[in-house]
Amino acid sequence: TYSVNTRWAADSRDSATFPTKGWYRKLSAEVGIPPSDLTYYKTNFQSQFFYSLQTKKPYTFMWNVELGYGGGYGGNELPFYKNYYAGGVNSVRGFKTGSLGPRDENDDSKGGSRRFVNNFEIYAPLPGMKDDKSMRVGAFFDAGNIWGENENASFDTIRYSIGAAFTWISPIGPLKIVYAKPLNEKPGDKVQNVQFQIGQIF
């Protein structure tokens, strides 16, 4: 495979770990070009907006949007190992990591060519630890899904969840614990109410 990749990003956040204001945007594209055996394209967009709420306590509002679209050309399809996935701590919480979207004959997630993730979250310091910059709690509302090439990407198929999260910049790296409740799980969805992650904040 021969591929061409490009990326653009802009970041005005006041912190890379626990932002309270600013805007982060990222746009990327990948194209598999001839004489590759596989010719395909993928485009990705992410936007994260942070706003410090003017209240007596230092609350922060966060809005994250992620879009992905891919496909093949020249008689090819998007390679299966380039598929998008969603579900888990960093996308739609309350659903098992990578479990949303199309399934194969073994009922395992196989990803898809289109991805949508939307997250709203309000962060606050851990109660009783106002000046501690290493811990915070949050309440969130997530939405998103994955669709295959011939599936209808409609609002009726989007999954939703709500919940709470605890984040700690620990000595071994960022640690996040989530409790989430899906709002509209469908038969066959793989629900996971408690989720845990080390190494990435969002």
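Everything quoted here is computed from the prediction, not taken from an experiment.
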Single-linkage hydrophobic cluster [X]~[Y], side-chain heavy atoms < 4.5 angstrom:
| X | Y | answer |
| --- | --- | --- |
| F61 | F141 | yes |
| F45 | I158 | yes |
| L67 | F120 | yes |
| L126 | W168 | yes |
| I146 | F80 | no |

Quiz item: Would T17 and S15 count as having a side-chain donor-acceptor pair, cut-off 3.5 Å?
Solution: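 Their side chains do contain a donor-acceptor pair, which is all the 3.5 Å distance test asks for.
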Self-check item: Donor-acceptor side-chain pairing of N90 and Q197 below 3.5 angstrom
Solution: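 Checked: N90/Q197 side chains pair up, N/O donor to acceptor below 3.5 Å.
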So which atom in [X] and which in [Y] form the shortest heavy-atom distance, rounded to 0.1 Å?
| X | Y | result |
| --- | --- | --- |
| R13 | F50 | CD-CE1, 3.6 Å |
| R93 | G88 | CG-O, 3.3 Å |
| G71 | E149 | CA-OE1, 4.3 Å |
| P125 | V137 | O-CG2, 4.0 Å |

Side chains of [X] and [Y] in contact at under 4.5 Å (non-hydrogen atoms):
| X | Y | result |
| --- | --- | --- |
| S47 | W23 | yes |
| V178 | F140 | yes |
| Y73 | Y41 | yes |
| S3 | Y40 | yes |
| F116 | V92 | no |
| P182 | N193 | yes |
| R25 | Q46 | no |
| L38 | Y2 | no |

Quiz prompt | side chain to side chain donor-acceptor pair (under 3.5 Å) contacts in which one or both residues fall within residues 152-164, not counting sequence neighbours | solution =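 Qualifying pairs: W147-T157, R159-D189.
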Practice problem: Would you mind listing every side chain to side chain donor-acceptor pair (under 3.5 Å) that reaches into residues 74-87, with sequence neighbours excluded? | Solution: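 Those involving residues 74-87 are E30-K82, T39-N76, N44-Y84.
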Quiz item: Where do V65 and V117 land on the side-chain contact (heavy atoms from CB on, under 4.5 Å) test, with the steps shown first?
Solution: CA-CA 6 Å; V65 177; V117 170; over 6 Å; no
Practice problem: Could you walk me through whether K42 and L78 pass side-chain contact (heavy atoms from CB on, under 4.5 Å), step by step? | Solution: CA-CA 8 Å; K42 287 186 70 176; L78 183 69; 3.8 Å; yes
Could you tell me the separation between the [atom1] atom of [X] and the [atom2] atom of [Y], rounded to the nearest 0.5 Å?
| X | Y | atom1 | atom2 | result |
| --- | --- | --- | --- | --- |
| I122 | R136 | CD1 | CZ | 12.5 Å |
| N64 | N118 | CG | CG | 7.5 Å |
| E121 | Q48 | CD | CD | 10.0 Å |
| I162 | D142 | CD1 | CG | 10.0 Å |
| S12 | K21 | OG | NZ | 10.0 Å |
| T6 | L27 | OG1 | CG | 8.0 Å |

Practice problem: State whether Y69 and R114 meet the cation-pi test: NZ (Lys) or CZ (Arg) under 6.0 Å from the six-membered ring centroid, and within 45° of the perpendicular axis. | Solution: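 No, a cation-pi geometry is absent between R114 and Y69.
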Counting only pairs under 3.5 Å, give me each side-chain donor-acceptor contact of residues 98-109, with atom names and distances, residues two or more places apart or in other chains.
{"unit_1": "S99", "atom_1": "OG", "unit_2": "K96", "atom_2": "N", "d": "3.4"}
{"unit_1": "S99", "atom_1": "OG", "unit_2": "K96", "atom_2": "O", "d": "2.7"}
{"unit_1": "R103", "atom_1": "NE", "unit_2": "S99", "atom_2": "O", "d": "3.4"}
{"unit_1": "R103", "atom_1": "NH1", "unit_2": "D107", "atom_2": "OD1", "d": "3.0"}
{"unit_1": "R103", "atom_1": "NH1", "unit_2": "G188", "atom_2": "O", "d": "3.2"}
{"unit_1": "R103", "atom_1": "NH2", "unit_2": "G188", "atom_2": "O", "d": "2.9"}
{"unit_1": "D104", "atom_1": "OD1", "unit_2": "N106", "atom_2": "N", "d": "2.9"}
{"unit_1": "D104", "atom_1": "OD1", "unit_2": "D107", "atom_2": "N", "d": "3.1"}
{"unit_1": "D104", "atom_1": "OD1", "unit_2": "D108", "atom_2": "N", "d": "2.9"}
{"unit_1": "S109", "atom_1": "OG", "unit_2": "G98", "atom_2": "O", "d": "2.7"}

Practice problem: Please step through side-chain contact (heavy atoms from CB on, under 4.5 Å) for the pair Y179 and I177, ending with a clear verdict. | Solution: CA-CA 7 Å; Y179 178 80; I177 301 173; over 6 Å; no
Quiz item: Are more than 12 heavy atoms from other residues, nucleotides or ligands located less than 6.0 Å from atom CZ of F155?
Solution: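 Not buried by this count: 12 neighbours or fewer within 6.0 Å.
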Quiz item: Does CG in N5 sit with more than 12 non-hydrogen atoms of other residues, nucleotides or ligands closer than 6.0 Å?
Solution: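 More than 12 heavy atoms, drawn from other residues, nucleotides or ligands, come within 6.0 Å of this atom.
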Quiz prompt | Q195 (side chain) donor-acceptor with G94 (main chain) under 3.5 angstrom | solution =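 Yes: the side chain of Q195 pairs with the backbone of G94.
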Quiz prompt | W63 and F49 aromatic centres sub-6.0 Å | solution =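 No, the ring centres sit 6.0 Å or more apart.
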Practice problem: Could you walk me through whether F18 and I169 pass the side-chain contact (heavy atoms from CB on, under 4.5 Å) test, one step at a time? | Solution: CA-CA 10 Å; F18 285 169; I169 307 298; 3.9 Å; yes
